[in-house]
Amino acid sequence: MMLPEGNQSIIPTFILLGFSEYPTLRVPLFLVFLSIYMVTTVGNLGMIIIIKISPKFHTVMYFFLSHLSFVDFCYSTVVTPKLLENLTVEDRTISFSGCIMQFCFACLFGVTETFMLAAMAYDRFVAVCNPLLYTTTMSQKLCTLLVAGSYSWGIVCSMTLTYFLLALSYCESSIINNFICDHSVIVSVSCSDPYISQMLCFIIAVFNEVSSLMIILMSYILIFITVMKMPSASGRRKTFSTCASHLTAITIFHGTILFLYCVPNPKTSWLTVKVASVFYTVVIPMLNPLIYSLRNKAVKDTFRRLVVAKLLCHLI
């Protein structure tokens, strides 16, 4: 089947409506999103620094966590600055190349995070169900392959979907009723038949969600069975506690995705879609470092020591 050729004579521009239909909320929304982005940046970069400089965090779990923090920081940086800009200016246009690039990187980091969380679930499964073989099983080589595989598959998905978006034709100027250039809104303003691109996106999204959830569910089912066989109640509580942060992150991440793509009729629920999109693209990258740090005494203690050391250096 021949792909439709993109219109080379016209360079289209898009207008991101964002939350422009609520002019009285522009300042409050700007302050909220700016605060979230600052917490996201400090939280994720702080987590990476703490893991990097503290030898006791040079373990498999924190190796995955450092990459999850990096992905969250990058994902938020792809989306939030443009959202903040559109809340402060009247001209909400975004170039065609800018829109495509935003989608490309958002897709890359979104898919990478999906499988990074699945890899972390597998790590928890090995730690709980095969503790004696944990060091051998979760070797540095395997961990590197799991992380590299997550990034690589994110790149493959992103490049594939971006290629098919570039193959479509677009009008000179189109209005996008969202604050982000995601796949659905880009194909909705296409002037050519987007069937192939839409079907490909659907297949990739279903495969990613089903395969990652299968890994996560199987890992935690086996973890639950193993934990329930433990004779000690304190041992069960301790094991569940080590998995609680990851389970919380997974529930929020996949719960939001499933809600966002299960809205019965998004054409009549744009506000719902926008709010869910904000949670998925802006709020979740902030929550992950908070979830892992607030429940982790070692991380909090290390952070306090770093802050105290920094203050002492300034005083001296």
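The residues of the chain are indexed from 1 along the displayed sequence. All values reported here derive from a predicted model rather than from experimental measurement.
- Between Phe96 and Phe14, the angle of the ring planes goes over 60°, which puts this pair in the perpendicular group of the 30/60° scheme.
- Every residue was checked against the ring pair (Phe, Tyr, Trp, His ring centres under 6.0 Å) condition with Phe105, not counting sequence neighbours, and none meets it.
- In this structure Leu217 satisfies the side chain to side chain contact (heavy atoms under 4.5 Å, CB included) test with no other residue, sequence neighbours excluded.
- A search for ring pair (Phe, Tyr, Trp, His ring centres under 6.0 Å) contacts involving Phe30 returns nothing, not counting sequence neighbours.
- Below 30°, between 30° and 60°, or above 60°: for Phe207 and Phe115 the angle between ring planes is between 30° and 60°, a tilted geometry.
- The salt bridge (Lys or Arg N to Asp or Glu O under 4.0 Å) check on Glu85 picks up Lys82, with sequence neighbours excluded.
- For residues 104-123, the side chain to side chain donor-acceptor pair (under 3.5 Å) pairs, not counting sequence neighbours, are Glu113-Asn288, Asp123-Tyr134.
- Screening residues 190-241 for disulfide (SG to SG under 2.5 Å), with sequence neighbours left out, gives Cys171-Cys191.
- Scanning for ring pair (Phe, Tyr, Trp, His ring centres under 6.0 Å) contacts around Phe279 gives an empty result, with sequence neighbours left out.
- For residues 22-76, there are no disulfide (SG to SG under 2.5 Å) pairs, not counting sequence neighbours.
- Partners of Tyr151 according to the ring pair (Phe, Tyr, Trp, His ring centres under 6.0 Å) rule, which considers only residues two or more places apart in sequence or in another chain, are His67.
- Atom-to-atom distance recorded for Phe70:CZ and Leu45:CG is 9.5 Å, nearest 0.5 angstrom.
- Arg26 meets the salt bridge (Lys or Arg N to Asp or Glu O under 4.0 Å) test with Glu90; sequence neighbours excluded.
- The disulfide bond (SG atoms under 2.5 Å apart) search around Cys99 returns Cys181, not counting sequence neighbours.
- Taking NZ from Lys56 and CD1 from Ile50, the interatomic distance works out to 10.0 Å, rounded to the nearest 0.5 Å.
- Partners of Cys129 under the disulfide bond (SG atoms under 2.5 Å apart) rule, at least two apart in sequence or in another chain, do not exist in this structure.
- Listed for the Ser54 side chain is no donor-acceptor partner under 3.5 Å among the backbone atoms of Ile51.
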